[in-house]
Asks: 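Here you go, one structure.
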Amino acid sequence: MAQSEGNALSGEAAAWVARVHGPEVTREVRDELARWMDADPSHAVAYLRAEAAWERMERLKAVPVSSLAPEQTVAPWRMTRRIALAGGLGLCAASAAGWWIFSLPDTYESAIGERRIIALEDGSRVTLNTASVLRVRFTDSERSLHLVSGEALFEVAHNPLRPFVVKAASSHIRALGTAFSVRLRSDLAEVTVTEGTVVVVEAPETSPPPDPARQIAAGSGAVVDRTTVAKSELAPDVLRQRLAWSEGVIELRGETLEQAAEEFSRYRTKRIIVADPRIASIRIGGRFPSDEADAFLRSVQSGFPVRIIEGADGTVYLVHRD
């Protein structure tokens, strides 16, 4: 193979790696990658080397530069070039293709308004809430999951030799055998633990630290980001409210009308918008099926000075009824 052709193939392989590790990967993307690798044995070789270079770059990003020896420090442009040149190394193409296709993460998605239960191969169970995306990659030594968007409840099968690690926003949440939920909120993760204990770690391969400030026990919740774990104990009724979605229910306990509208909007293709500040702070209580926003709207209209206006596109506006 000519050098220019080899460089082009390496660049194509690097682009595939970036696409697979990007936020929009789907089953269709993985199938397309499989077809590309099957088309020519050299494609599998190029992808294998590009993936290996990518993984090394990710590990280096997690290591403080001050801890590296001079020969270990790699400039970003040199690392990019290494990815582009990786496909030139000769390996067994057939075995490479099969191994890498097998190791690609499985992606599970739930549609707007859908609640989906996933039985994982290790005996764990995941329940996805509305409009959620989860990637799962299991190896012999680790169970790695990435909550890309939305909310999920994890019921983890105990296996101390195979850590269960969930990446959410900028955090990694590690558990051995427990039950906990994670909801993504902007660049933060809201964690609720109902059984066992989870630990917020800085990287997937990190062992649980002894610092109790980063451990979240059953009956507690926390808002976590890369540097902070803000914990709080939760009363039983608050725990029930946070997990009511797993039963298809939205439970309101004094939330404002604006907060309630935002919650119901998660389960609809068209939003419910409080368009009048005079009613935004009305407090709402009750239990409603998450897929029956109309029942919630009827209750609000009958009990408060609220008028419902439906837009031409299906968006619902709530205004004050004079």
Side-chain angles (χ1 to χ4, degrees), residues 1-63 72-111 118 120-121 126 128 131-150 152 165-170 172 184 203-205:
M1 181 184 299
Q3 182 176 359
S4 60
E5 294 177 351
N7 290 343
L9 179 58
S10 298
E12 192 173 356
W16 270 114
V17 172
R19 189 177 178 188
V20 168
H21 286 272
E24 303 299 329
V25 65
T26 63
R27 170 64 65 182
E28 289 73 21
V29 170
R30 294 196 301 276
D31 291 344
E32 188 180 348
L33 171 60
R35 289 191 294 271
W36 180 79
M37 294 176 72
D38 288 340
D40 192 307
S42 63
H43 292 182
V45 175
Y47 184 86
L48 179 62
R49 300 314 304 157
E51 175 82 3
W54 176 284
E55 294 291 345
R56 173 170 170 78
M57 184 169 62
E58 289 297 300
R59 289 194 297 269
L60 285 174
K61 283 165 59 179
V63 178
Q72 292 177 290
T73 306
V74 182
W77 69 269
R78 292 184 183 276
M79 183 57 70
T80 303
R81 185 178 181 188
R82 287 186 182 183
I83 293 177
L85 295 177
L89 299 179
L91 295 171
C92 178
S95 61
W99 191 85
W100 280 105
I101 292 172
F102 178 77
S103 69
L104 290 175
D106 291 320
T107 299
Y108 302 94
E109 302 180 28
S110 59
I118 304 159
L120 301 179
E121 64 183 54
V126 179
L128 292 183
S132 299
V133 178
L134 178 72
R135 294 183 193 153
V136 178
R137 187 203 297 264
F138 280 7
T139 67
D140 291 340
S141 60
E142 183 180 75
R143 295 168 288 176
S144 178
L145 302 92
H146 179 194
L147 183 62
V148 179
S149 61
V165 182
V166 176
K167 178 182 179 183
S170 60
H172 293 88
L184 293 178
E205 64 273 12

Asks: Of all heavy-atom pairs between A169 and L184, which one has the smallest distance, and what is that distance?
Replies: N-CD2, 3.6 Å

Asks: Under the side chain to side chain contact (heavy atoms under 4.5 Å, CB included) test, which residues partner S149, sequence neighbours left out?
Replies: V133

Asks: Does some side-chain heavy atom of L145 sit less than 4.5 Å from a side-chain heavy atom of L120?
Replies: yes

Asks: The criterion is side chain to side chain contact (heavy atoms under 4.5 Å, CB included); which residues satisfy it with A152, sequence neighbours excluded?
Replies: V126, L128, L147, F154

Asks: Sequence neighbours left out, what passes side chain to side chain contact (heavy atoms under 4.5 Å, CB included) with H172? Give chain and number order.
Replies: V165, K167, V201, P204

Asks: With sequence neighbours excluded, tell me which residues meet side chain to side chain contact (heavy atoms under 4.5 Å, CB included) with T139.
Replies: S141, E142

Asks: Please report the closest heavy-atom contact between S132 and G150, naming both atoms and the distance.
Replies: OG-CA, 3.3 Å

Asks: How close do H43 and W36 get, heavy atom to heavy atom, and via which atoms?
Replies: ND1-O, 2.6 Å

